[in-house]
Amino acid sequence: MNPRHIYHAGSFTDVFKHAIFALVIEHLKKKDKPFFVLDTHAGGGRYDLTSEEAARTGEYLDGVGRLLAAEEVPAELAAYVGAIRRLNVRYGAKPRWYPGSPLLAKHMLRGGDRLALAELHPEEARALAREFGADDRIKVHHGDGYTAMK
């Protein structure tokens with residue numbers, strides 16, 4: 001198994017993990033008080049499903065591909081599916097971009113909520129810095145996520 005997120009972006013297990021992540025964030029938003037999210041293994045934040053790496057495994061076809069092709073999705077998944085659709089509005093039925101947990105969280109945060117992203121892989125950390133560097137609610141840390149927890 002390749003540890004780089006792009007090879008598995010949008011797979012069934014990725015969809016399962018991110019759907020639960022979105023449900024947790026939606027639950028936290030029920031209170032007015034701002035919250036903090038720490039993603040200890042953030043990855044690159046956004047994944048191109050048309051890339052050579054994603055095409056090599058094709059795992060997204062049985063994950064996000066099936067989810068977006070469904071005529072109906074459960075109401076509990078509306079925020080998660082909505083974030084994916086907003087990211088792909090220009091690409092029609094076949095998605096191009098898949099949001100990792102950092103981009104998914106960004107789409108769901110409110111003004112006072114905060115997000116810290118830790119990523120050890122240098123390429124992925126640079127991608128995070130490019131993607132999120134201008135957002136004051138989000139801090140990117142190149143390093144070990146378990147150390148960031150301390």
Visitor: Has H141 got a side-chain atom pairing as donor or acceptor with L117's backbone, closer than 3.5 angstrom?
Guide: no

Visitor: Between D48 and S51, does a side chain to side chain donor-acceptor pair (under 3.5 Å) hold up when you go through it step by step?
Guide: CA-CA 5 Å; D48 185 347; S51 71; 5.4 Å; no

Visitor: For residues 8-20, which residue pairs qualify under salt bridge (charged side-chain N to carboxylate O under 4.0 Å, His left out), counting only residues two or more places apart or in two chains?
Guide: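 Output for this query lists D14-K17.
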
Visitor: Do I84 and L87 belong to the same hydrophobic cluster, where Ile, Leu, Val, Met, Phe, Trp and Tyr are linked whenever their side-chain heavy atoms lie under 4.5 Å apart, directly or via other members?
Guide: yes

Visitor: Any idea how Y98 and Y80 line up, ring-wise: parallel (<30°), tilted (30 to 60°), or perpendicular (>60°)?
Guide: perpendicular

Visitor: Can you tell me if H142 uses its side chain to pair, donor with acceptor, with the backbone of L120 under 3.5 Å?
Guide: yes

Visitor: Only distances under 3.5 Å count here; give the side-chain donor-acceptor pairs of residues 59-68 to other protein atoms, sequence neighbours excluded, each with its distance to 0.1 Å.
Guide:
residue: E59; atom: OE1; partner: H8; partner atom: ND1; Å: 3.2
residue: E59; atom: OE2; partner: H8; partner atom: ND1; Å: 3.0

Visitor: Sequence neighbours excluded, which residues qualify as ring-ring contact (aromatic ring centres under 6.0 Å, His included) partners of F35?
Guide: none

Visitor: Could you list the donor-acceptor pairs under 3.5 angstrom formed by side chains in residues 20-34, with sequence neighbours left out?
Guide:
residue: E26; atom: OE2; partner: K29; partner atom: NZ; Å: 3.0
residue: K29; atom: NZ; partner: M108; partner atom: O; Å: 3.1

Visitor: Through direct or indirect side-chain contacts below 4.5 angstrom among Ile, Leu, Val, Met, Phe, Trp and Tyr, which residues connect to M149?
Guide: F36, L38, Y146

Visitor: Going by heavy atoms in the side chains, are K106 and I138 under 4.5 Å from each other?
Guide: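 Result yes, sub-4.5 Å side-chain heavy-atom pair found.
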
Visitor: Can you list every pair that meets side chain to side chain donor-acceptor pair (under 3.5 Å) and has a residue in residues 111-120, with sequence neighbours left out?
Guide: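 Listed once each, the pairs are R110-D113.
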
